[in-house]
Amino acid sequence: MKVLEVKNLRKRYQDIEVIKDVSFEVNEGETLVILGASGSGKSTILRCINNLEKIDSGNIIVNNETMVKEYKKDKPIYNTKEVLKKINLSIGMVFQDFNLFPHLSVKENVTHSLLHVLKMDKKEAEQRALDLLQKMGLEDKANAYPCNLSGGQKQRVSIARCLAINPKIICMDEPTSALDPELVGEVLKTIKQLAEEKRTMIIVTHEIKFAEEVADRVIFMDDGVIVEQGKPEEVIKNPKNKRTQEFLKRYVEVKEVNLEKLDISKEEPKEVLKFFKEVSEIPRESGNEEGIKNYLVNFAKKRKLKVYEDTNYNVIIEKEAVEGCEAKEPIALQAHTDMICEKTENSTHNFEKDPIILYKDGKYVTADGTTLGADNGIGVAQILAILDNKEMKFPKIEAIFTVQEETTMIGAKEIDLSKLESKKIISLDGGREGKILVGSANCLEWRAKIQKEYQEVPKKYEQYELVYSNFKGGHSGGNIGDTRRGNPIKLGIEILKNIKDVYIKEIYGGSRVNVIPRDFTVTFFMKKDNLKKVNKMIEEQKNFYGDVNIEILPKKENTKAFSREVTTQIIGFISNYENGAIEYENGNVILSCNMAAIREDEANIYIEYSTRANNMKLRNEYLERLEKLVKKYELKIIWSQELKGVEQDIHNSLITKCNHIYQKMYQKELEKMMTQGVVEGGFFSDKIKDLEYVCIGPNTEDVHSPNERLSIPSLQRTWEYLKNVIES
Ligand code: ADP
Ligand code: MG
């Protein structure tokens, strides 16, 4: 739904036209980012939308109210006071220099327009202010004055003030330009949160990376006109316009100047970063692990440690217990040696032979235009630092290095762990600081088969095509909990079920079994008088799912379709069958099913599924329900494959110990996470009876992308934590 329309806007200062016939729209829930060089007219546009400047021609329509009522002799006549007030209350503005009232407290700044414009009751206004300040993480600053706040805090107060009137559209003009660099992040994070809440926003910013992340759409302005607009992937990554290219190039260059090589003699933990540097210098794309294998074997031989390798280039290194610790239980540490290789378009890096050089970017380690490979090189480095350590009281360590985790998982699948003494494995792959991965899903992939039969469709039925496209899709493990993504196959069948009297003729949609479907097409027959009802249902679905396409189109008639029985089988099974997130525990999805695709061959219709469960009892109950349904609709099930999950008592000794040590170090609970994804540990628990398994690791960002970076302070903390866990 359109909430703002800027139509042929022109604006002059004296004789100079600074906005030249600019038109654009903003839809509800959309984040629009305006980019452009200084002086290109970005602020002027926002000021016109906020009625802080009068326009010379065109119009601005907010929520169906027009700002300019009419033109008399080419002069704009603005609408009535009432209409303008309505428009004003629909738009909130956040300025570069915060514009807070210096003589009012933080709370009073937020309640000001609630009391004076909305005439809200004082108590109610204060409550709203406190709620918003809490949301901004500023509840303890309610009675402070702006002069006592940092720039980042001031800007968050000004965002709270803007949100107070609950505006339909939030405009922000370079909200972080006046901030010290170290304060920019906290404000961007707040804005990102608003974008995730689907607030409608127009943001002018020079933070290109941030723009890329939050924008649904980007407009690039030059000299008062829009020269390019589109999705951020298009405008920022792949600009077509020359001016846009030049503008963006400057930002890339600025970034390069900021980067300095990481000097490991100046950073902590030195003992880990030293190995991370060495590991990073070895090319190690998934499938190319021979070099890193040789490095690990040499590492072990130099230190006279026992080492084993296999034909996949998996490596196991053993280190005996330190004197005095022989009685302690051995522990296994695990990391994968391969990495995802992605680079920016400008990068000339050759992943087959070039070393990855580590750079420092503020408090982060990063690479120059490529993935960093901290996933999982930092895990490998930590294990090497443990094996190299001569001071701490470690028990016997068994270090497992696997290959191809990012692709085939063949390393974890085929590694021989029969000689492993440990019953406990700490994986150093992923996780986030303060969180510990304790369970992963068992994933079953299967297909339901329906045999085709055809019949002549009776007269009076007409043929239509119902088409779904542009759904969000996503990963069937990671994204299945997000109900707003929707499953177009399920939605289309829901409509057919509601009309009842239909014959399906052709049906297909979806792509791969671990991907939530994005499209669906069904050709079918129904009586014409159902059309209104169908259109109404389509509208409802569109309203709920937002930016998607759903259409019904009449088709040239043809009288053959699937038999009534086959149609009933399809509709009955799909609509009665559970889909999406089914069971939750502590906010984690623990049982889900993704109806991934539907397709036909000559003789049959196949519906493809993946079912993920973190708990086998739930999974088995679910399979019983499935079996009943299969019987009822007389389908056949074909099992394709099962990927094992990690299921363990989350109060077992390893998890309890990890939790205990974390609490002692940080006085906080360690958050236990389950993933619906598949991890290497699933294959290990298949090989080791009563395995206890956790994943821990430092914070990394934008993993698998050239922006990947590793937080140094977080590494310092998780490294200390890891050593404590192993020692005890
Ligand atoms: P941006 O936000 O992209 O930096 P602005 O919208 O602030 O650009 O300015 C666009 C153009 O309008 C610039 O050339 C600027 O000098 C001019 N301008 C802005 N405000 C005024 C004003 N009040 N009087 C005269 N010229 C102005
Ligand atoms: Mg400006």
Side-chain angles (χ1 to χ4, degrees), residues 1-11 17-50 53 55-63 67 91 93-94 96 168-177 188 191-192 194-196 198-252 344-345 469-470 472 546-549:
M1 204 179 66
K2 240 181 344 206
V3 280
L4 171 75
E5 194 176 352
V6 172
K7 259 176 143 168
N8 306 101
L9 176 66
R10 287 178 186 274
K11 167 75 190 164
E17 193 168 48
V18 298
I19 303 294
K20 304 163 184 168
D21 197 18
V22 161
S23 301
F24 63 89
E25 294 173 1
V26 181
N27 290 314
E28 186 154 8
E30 189 178 31
T31 299
L32 174 73
V33 168
I34 305 182
L35 299 177
S38 178
S40 55
K42 308 179 299 290
S43 296
T44 306
I45 290 183
L46 291 192
R47 293 173 62 79
C48 290
I49 294 172
N50 279 275
E53 292 285 355
I55 70 176
D56 291 311
S57 119
N59 214 334
I60 293 172
I61 301 150
V62 180
N63 248 342
M67 210 174 261
I91 303 175
M93 180 83 175
V94 173
Q96 180 176 348
K168 272 268 176 196
I169 307 167
I170 301 169
C171 296
M172 301 195 181
D173 193 358
E174 301 197 29
T176 59
S177 298
L188 294 183
I191 301 173
K192 221 179 203 175
L194 298 178
E196 275 159 13
K198 291 277 160 221
R199 290 273 184 170
T200 313
M201 293 195 282
I202 308 176
I203 306 172
V204 171
T205 183
H206 289 284
E207 296 284 343
I208 303 297
K209 185 166 165 273
F210 164 76
E212 208 180 312
E213 285 166 14
V214 295
D216 295 306
R217 200 150 47 90
V218 175
I219 283 181
F220 182 77
M221 299 264 321
D222 185 41
D223 198 14
V225 296
I226 296 177
V227 293
E228 188 156 357
Q229 63 172 308
K231 294 212 157 88
E233 307 85 278
E234 293 157 11
V235 178
I236 297 177
K237 281 266 159 72
N238 236 331
K240 305 223 161 39
N241 181 279
K242 214 159 162 221
R243 294 285 300 160
T244 321
Q245 287 168 0
E246 278 166 18
F247 174 82
L248 289 168
K249 214 159 88 196
R250 261 187 307 192
Y251 284 87
V252 175
T344 58
E345 242 164 61
S469 62
N470 209 26
K472 252 185 161 172
D547 204 9
V548 298
N549 292 331

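Model, not experiment: these values are computed from the prediction.
Summarising the geometry of L35 relative to V218, their closest heavy-atom pair is CD1-CG1, 3.7 Å, with the distance given to 0.1 Å. Considering all non-hydrogen atoms of both residues, N59 and M67 come closest at OD1-N, 3.5 Å.
The existence of a salt bridge linking K472 and D547 is excluded, since no basic side-chain nitrogen approaches an acidic carboxylate oxygen closer than 4.0 Å. Remark: E213 engages K209 in a salt bridge, criterion side-chain N to carboxylate O under 4.0 Å.
Within the 4.5 Å cutoff, no side-chain heavy atoms of E228 are placed close to those of D222. Under the 4.5 Å side-chain criterion, counting only non-hydrogen atoms from C-beta, D173 is in contact with M93. Put simply, the side chain of I202 reaches to within 4.5 Å of the side chain of L4, judged on heavy atoms. Between F24 and I45, some side-chain heavy-atom pair lies under the 4.5 Å cut-off. Residues I191 and F210 are in side-chain contact: their nearest non-hydrogen atoms beyond the backbone lie under 4.5 Å apart.
Applying the side-chain hydrogen bond (donor to acceptor under 3.5 Å, both in side chains) definition to pairs two or more places apart or across chains, those involving residues 26-38 are E30-R217.
Residue-environment remark: NZ (K240) exceeds the threshold of 12 foreign heavy atoms within 6.0 Å. Taking a 6.0 Å sphere around NZ of K20, one finds it holds more than 12 heavy atoms contributed by other residues, nucleotides or ligands. The number of heavy atoms from other shown groups lying within 6.0 Å of CZ (R243) does not exceed 12.
In this structure a side-chain-to-backbone donor-acceptor pair under 3.5 Å is missing from D21 to V225.
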**OP:** Give the intermediate values and the outcome of side-chain contact (heavy atoms from CB on, under 4.5 Å) for residues C48 and I19.
**Re:** CA-CA 10 Å; C48 290; I19 303 294; 5.7 Å; no
Original post:
Would K2 and E5 satisfy salt bridge (charged side-chain N to carboxylate O under 4.0 Å, His left out), going step by step from the backbone distance to the final call?
Top reply: CA-CA 7 Å; K2 240 181 344 206; E5 194 176 352; 3.5 Å; yes
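Here R47 pairs with L52, E53 under the side-chain contact (heavy atoms from CB on, under 4.5 Å) rule; sequence neighbours left out.
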